[in-house]
*Asks:* 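Would you mind keeping the following structure in view while I ask a few things?
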Protein chains: 2
Amino acid sequence: MTELTPTPTIEDYLGIIFTLERDGEEVIGARLSELLEVSAPTVTVTLRRMVRDGWINITPARKIELTPKGVDAAKAVIRRHMLTEWMLAKILNLPWSKVHEEAHRIEHSISSEVELSLIDKLDDPALCPHGNPMPGQESISSKWKPLSECITGDKIIIERIHEFLEEDPVLMDYLESNQIVPGKQAVINEILPFNKTITLKNESGIVTLGLDIAKSIYIEKQH
Amino acid sequence: MTELTPTPTIEDYLGIIFTLERDGEEVIGARLSELLEVSAPTVTVTLRRMVRDGWINITPARKIELTPKGVDAAKAVIRRHMLTEWMLAKILNLPWSKVHEEAHRIEHSISSEVELSLIDKLDDPALCPHGNPMPGQESISSKWKPLSECITGDKIIIERIHEFLEEDPVLMDYLESNQIVPGKQAVINEILPFNKTITLKNESGIVTLGLDIAKSIYIEKQH
DNA sequence: CATTCCCTTTAGTATGTACTAATACCATAC
DNA sequence: GTATGGTATTAGTACATACTAAAGGGAATG
């Protein structure tokens, strides 16, 4: 319970743990190691510090659980991340595909005063620019379906690119330049399960996506 | 010459060294120790890393000098600091007295893309919100005189609060609430050298400042 | 049952950034 | 010329964050 404010590293861990918990995924060290791109021993010792400082508990079955204090800190860093993304996108006009990685560095330096000011200027958004829900607004995104579950001919609106896809800047650039961004319409053109691809047609033409990627893109069907 | 990008700590050192050099002050470790509020041995080892990585040279007489690479990095961090201050002040409406310390944390996470966008949105300012010159714009502030050199009855305009005063949040709050901010008018009311104070009168009433502080506040005389 | 796979941990190391205590160096002043 | 004050360094330590190599555990699968 020593630390009052998490370090940037701990904030990164908290954010990922919160998101995994939110999604009902198993929260274990191996997942963090992958998502944070650090070695397994690094995760072991960092989790040890996090337990010591009261951010998480680790069950006998090695599952990681946020403490109430950990939940608060995780929500704060995610809120600041998403608000910073909006600031970069709307106020500074950075490309949609770039705001995540910029915000990821800046988020750790945002005070609650700046956060409140951003909430005010940005009209208290419920979603980030990629359609992911602000902590507490999960119900909004829960009605959308994965793009991977569509069938040929479906008319859809892209609603959400999952947080974990945002980590890949090459993918994000591909999505942006092919108009796979929230609010854009598309029609499912072709699904090739043996090839693990799904092809859609939108304003920018024909776009093919891997099915694994399509599982983390959420859409609304149009009638 | 190992490091491409300075760490936040090194950026702090670079900024202070640049500012001391700009002001013609003696750039030695003891000064850094004071201004950065770290111990002398910490400065010794950090400067050693900075020499190793090509940011500075240390003369046989122990004077610290930025290398060309060090100058570039220092200018960049100061530019980003000042642009961030303006963003916080003009776009997010944070109080003038608070933007320095907020920007001091954020400045290390600003990419050149964000920097360019800020320059655009903020119309390429030549001064920071406290009247200190952007690197390369030193000539603008060189015509102002220290407030401490005024005489009773002088009508003045406050132009600049020196960077090193910005470090004291209590002082900054005092200055803001007494309208000692760039652009504000005042008249010198009383100077008490034996007391080391100078008193002025402005819209907000009568304000007394210590002479040491007044040495780092720059003004323009009105005729 | 043994092998394999996934996961975690231990052991040892490195680096940046901090500290205190003690030492050393130099110039100026008495 | 010795004392003082300002400055810098060495020595030893601490902590957060990273790594590799190696070992250990548990579950599933042949």
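What you see below is based on every heavy atom in this structure, not just the backbone, and it leaves out hydrogens, waters and symmetry mates. Numbers restart at 1 for each chain; the letters A, B, ... are given by sequence-line order, proteins then strands. Computed from a prediction, not measured in an experiment: that's the story for all the values here.
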*Asks:* If a protein heavy atom is under 4.0 Å from the base, mark B; if only from the sugar-phosphate, S; if neither, -; do that for nucleotides 4-10 of chain D going 5' to 3'.
*Replies:* ---SSBB
*Asks:* Do NZ/NE/NH1/NH2 and the carboxylate oxygens of A/R79 and A/E115 come within less than 4.0 Å?
*Replies:*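 The answer is yes: the pair qualifies as a salt bridge.
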*Asks:* Would B/H81 and B/H100 count as a close aromatic pair, with their ring centres under 6.0 Å?
*Replies:* yes
*Asks:* Please list, in numerical order, the residues of residues 101-112 of chain B that have a heavy atom closer than 4.0 Å to any atom of DNA chain C.
*Replies:*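 Residues of residues 101-112 of chain B under 4.0 Å from DNA chain C: none.
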*Asks:* Rounded to the nearest 0.5 Å, what's the gap from CD1 on B/I213 to OH on B/Y174? Could you check?
*Replies:*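 The CD1 atom of B/I213 sits 10.5 Å away from the OH atom of B/Y174.
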*Asks:* Can we say A/K215 and A/D212 salt-bridge, meaning some charged N sits less than 4.0 Å from an Asp/Glu carboxylate O?
*Replies:*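 Salt bridge: yes.
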*Asks:* Any base atoms under 4.0 Å from B/T9, or only sugar-phosphate, or nothing? Heavy atoms, all strands.
*Replies:*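 Touches sugar-phosphate only.
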*Asks:* I need the CE-P distance between A/M50 and C/dT8, as an integer number of Å.
*Replies:*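 Distance, rounded to whole Å: 15 Å.
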*Asks:* Taking everything shown except A/K63 itself, do over 12 heavy atoms lie less than 6.0 Å from its NZ?
*Replies:* yes
*Asks:* Return the value, rounded to whole Å, for the distance between atom CD1 of A/I64 and atom C1' of C/dT9.
*Replies:* 14 Å
*Asks:* Distance check, rounded to the nearest 0.5 Å: B/L92 atom CG versus B/W86 atom CH2?
*Replies:* 14.0 Å
*Asks:* Is the shortest distance from a Lys or Arg side-chain nitrogen in A/R80 or A/E107 to a carboxylate oxygen in the other one below 4.0 Å?
*Replies:*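 So A/R80 does not pair with A/E107 through a salt bridge.
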*Asks:* Which of these, A/T9, A/D12, A/T7, sits in a side-chain hydrogen bond (donor to acceptor under 3.5 Å, both in side chains) with A/H108?
*Replies:*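 Of the listed residues A/T9, A/D12, A/T7, the side-chain hydrogen bond (donor to acceptor under 3.5 Å, both in side chains) partner of A/H108 is A/D12.
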*Asks:* Taking 4.0 Å as the cut-off, does a side-chain nitrogen or oxygen of A/S39 come that near to OP1 or OP2 on D/dC19?
*Replies:*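 Result: yes.
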*Asks:* To the nearest angstrom, how far is B/Y13 atom OH from C/dG16 atom C1'?
*Replies:* 11 Å
